[in-house]
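Remarks on the structure that follows.
Here is how names work: the chains are called A, B, and so on, in the same order as the sequence lines, proteins then strands, and each is numbered from 1. Only this structure's heavy atoms are used, side chains among them; waters, hydrogens and symmetry mates stay out. Because the structure is a prediction, the values reported are computed rather than measured.
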Amino acid sequence: VTTASLVKPSCYRDSVALLRLARELKVLTGVVEVAVLMATPANKELLDGARLLTADAATAGPNDLVIAVRAATSAVVEATLAEAEAALARAQTPLAGGLTAAPRTLDQALRRFPDASLALISVPGPFAAAEARRALRRGLHVMLFSDNVSIADEVALKQQALAAGLLLMGPDCGTAILNGVPLGFANAVPRGAIGIVAASGTGLQQVSTLLARLGEGVSHAIGVGGRDASAEVGGLMTLAALEVLAADARTDVLVVVGKPPAPEIRSRVEDAARRAGKPVVLAQLGGETRATSEANLVRVTTLEDAAHAAVALRHGRRPESVAFTEPHDAVPRRARAIRDHLDPRRRGVLGLYAGGTLAHEAALLLPHRPDVRIVDLGDDQYTRGRPHPMLDPSLRIEMLERAATDEDLAVVLIDVVLGYGSARDPAGDLAPALARAAKTCAVVASVVGTDGDPQGLAAQTGQLEAAGVWVLPSNAQAARAAALIVDGPR
Amino acid sequence: VPEVLRLGRLAAARLPAHATGFVHSVFSSAINVELTDGAWVTFQGPGPLRAPFALACTRVVEVRPGALVTREVDAVQMGSCRLRFDRARVVASSWPHVWDRQVVLARLPVVAPAFPLLATRARALGVAITRADAAAFAAAARELLGLGPGLTPSGDDCLVGALAALSCHGGGWRERVSALGPSLAMAARGATTRVAAEFVTCALVEEFSEPLRRATASGDAADLFAFGATSGHDTLLGVRTALSALV
């Protein structure tokens with residue numbers, strides 16, 4: 001005998017339809033017991049008493065419909081729940097079983113989900129601060145996806161949040177993972193013991209996905225917004241997030257990701273990290289030229305090193321820098337082979353990035369000269385009036401087409417970012433343009449993602465490789481490989 | 001042209017000229033509208049007002065959830081549908097001729113609780129009423145919130161029925177309920193569905209549907225039984241429980 005349930009959030013069907021559904025399901029062959037109830041606390045007690053309360057149903061709210069089934073086999077349970085889903089879909093016509101609209105305001109949403117603890121705010125910048133203030137006043141943590149929020153508003157919101165013991169993630173916070181719940185552009189990564197504080201969305205994604213590939217998981221990943229460590233904001237949320245993760249029993253190791261803080265903030269962040277009482281990896285890209293260690297602090301220079309260091313510290317090992325993960329000199333040899341096939345006059349590198357932090361990291365690892373150009377296509381100047389490149393590939397395709405005709409170019413370097421919020425098939429979108437570029441120059445890429453992501457890491461990598469792209473396991477490795485192609489081993 | 005025919009005072013107060021909201025949910029016999037201030041009104045077909053916040057219309061218009069609703073001076077614009085409002089009649093939410101409670105009890109059909117836990121909790125409510133124990137009443141009422149099947153769970157319907165009986169026949173219970181009202185209304189918010197909480201909150205301030213008023217005042221439960229799958233039955237259980245306890 002096995003039990004499972006289907007939860008339909010904010011599902012309003014009239015009582016007649018619910019009763020009819022329960023009757024129809026009860027008579028299916030092999031079904032032992034069925035309950036079709038709104039998930040009020042009292043009804044959850046009823047379900048518990050009848051041994052029909054599943055984990056999903058236990059977390060549902062009073063306006064969610066729960067269909068719980070116990071049957072002789074799991075196949076019968078699955079078939080019954082599928083039938084329930086189909087029956088509800090059949091009833092989903094106006095003037096039939098009932099339909100429910102999505103909430104239009106914060107208060108409407110709170111009336112429908114009274115137990116909500118976080119508001120994700122993604123409205124145009126000028127309205128974002130007011131919505132965030134409203135959410136904080138109602139005792140909600142805030143993930144502020146919106147950008148174009150003034151520094152003054154950011155400081156005021158963060159002070160308001162701290163006074164109320166709440167988190168204010170952002171503004172311009174694209175990614176977070178709280179209690180295993182992915183928010184924004186986050187990837188499908190397992191839960192684990194490594195906590196991340198990130199001023200950068202794609203930096204957080206790179207570290208969390210590399211941790212997943214190394215067999216580790218994330219306890220919480222708290223986005224703080226790109227300006228948090230500026231002198232004006234004073235690292236308010238970085239310091240608060242460090243405190244939260246230091247006190248969190250699930251978190252064994254902390255990772256801080258972002259650009260280097262303002263000098264006066266850096267010492268505060270490092271002092272807070274020292275007080276954490278747990279190992280802390282500081283990946284403040286551009287702040288250090290080499291890895292260093294001091295008491296419980298490890299400073300690294302790449303996002304990949306941050307992931308490796310966190311795993312090493314979690315298992316009591318000494319962190320080590322990673323140049324390439326492929327054995328022997330496979331990468332230098334392949335780079336040399338590519339270089340040998342290129343016209344020697346071609347020495348330029350063009351990085352076309354969707355992820356700002358990944359672009360910044362690549363720029364740090366590549367030679368600094370005029371024919372090496374890294375473009376962050378997510379920057380404001382490229383996203384005015386058009387969606388972010390993680391959603392809309394058109395601008396990158398246009399620039400790849402242009403790159404294919406550039407006779408000075410040796411390498412095109414790109415990132416492909418997967419995750420819940422990203423495009424459905426980013427590699428497939430880019431593949432034709434990449435294949436054309438790969439006929440004239442080398443195309444090097446890294447894919448930020450996991451096999452659990454909706455797009456699938458292996459499938460996306462396969463599409464890129466089929467288009468003639470050299471795919472490396474991390475952005476840092478891809479940038480180093482590009483440097484090897486144009487300049488050889490340093 | 002569809003038209004709003006009648007509405008209660010509560011619905012009229014919630015939907016003044018220039019009020020706006022959105023269609024929350026659509027059923028074959030009713031459209032629920034959530035106004036921007038959080039209030040809730042229901043547009044139903046012709047006949048008795050089936051909720052204290054209902055507006056009876058010539059017909060239920062075809063509209064999708066999420067459609068914008070705007071009350072103009074002489075009309076209600078709901079999505080692409082326009083309902084005349086200029087001839088709508090506001091009716092008082094008052095009790096019809098009230099019969100003696102023993103007569104009402106004798107006339108009301110006998111109903112059995114739909115499931116054992118509902119019987120137990122309804123009985124606790126009755127005992128509290130008999131003992132004139134407001135604290136026990138509040139505790140029993142909380143136990144009924146959100147209990148059982150239906151979009152308005154059976155326990156909520158039962159509580160609304162009991163509150164109607166106390167309002168109509170309860171004498172001193174009106175004051176007790178008035179004192180308990182705010183805390184019970186608050187409890188209902190997280191304990192039951194949005195629409196059921198709306199019925200309970202209205203009942204706590206003595207606002208009831210027309211079929212419930214008729215059943216409670218005179219024992220004529222015909223319209224009440226037309227409610228939903230089990231709602232009429234469960235509401236009647238509450239009316240009978242409270243009346244029996246008062247007797």
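Only the side chain of Arg121(B) comes within contact range of chain A, with heavy atoms under 4.5 Å apart. Interface residue Leu35(B): only backbone heavy atoms are found under 4.5 Å from chain A. Both the backbone and the side chain of Asn43(A) have a heavy atom closer than 4.5 Å to some heavy atom of chain B. Contact of Leu144(B) with chain A is not made at all, since no heavy-atom distance falls under 4.5 Å. The parts of Leu147(B) that come within reach of chain A are both its backbone and its side chain, each placing non-hydrogen atoms under 4.5 angstrom from that chain.
In this structure a side-chain-to-backbone donor-acceptor pair under 3.5 Å is present from Thr40(A) to Gly146(B).
The greatest number of non-hydrogen atom pairs below 4.5 Å with chain A, out of Gly190(B), Gly155(B), Gly38(B), Ala196(B), is found for Gly38(B). Taking chain A as the reference chain and counting heavy-atom pairs below 4.5 Å, the highest number among Pro149(B), Ala30(B), Gly148(B) is found for Gly148(B). Options Ala39(A), Pro41(A), Gly61(A) differ in how many heavy-atom pairs under 4.5 Å they form with chain B, and the most are formed by Pro41(A).
For Arg137(A), the CZ atom counts as densely surrounded, since its 6.0 Å shell holds more than 12 non-hydrogen atoms of other residues, nucleotides or ligands. Residue Arg189(B) qualifies as open at atom CZ: its count of foreign heavy atoms under 6.0 Å is 12 or below.
Between Met38(A) and Leu151(B) there is a side-chain heavy-atom pair separated by less than 4.5 Å.
The distance from atom CG of Asp64(A) to atom OG1 of Thr193(B), rounded to the nearest 0.5 Å, is 11.0 Å.
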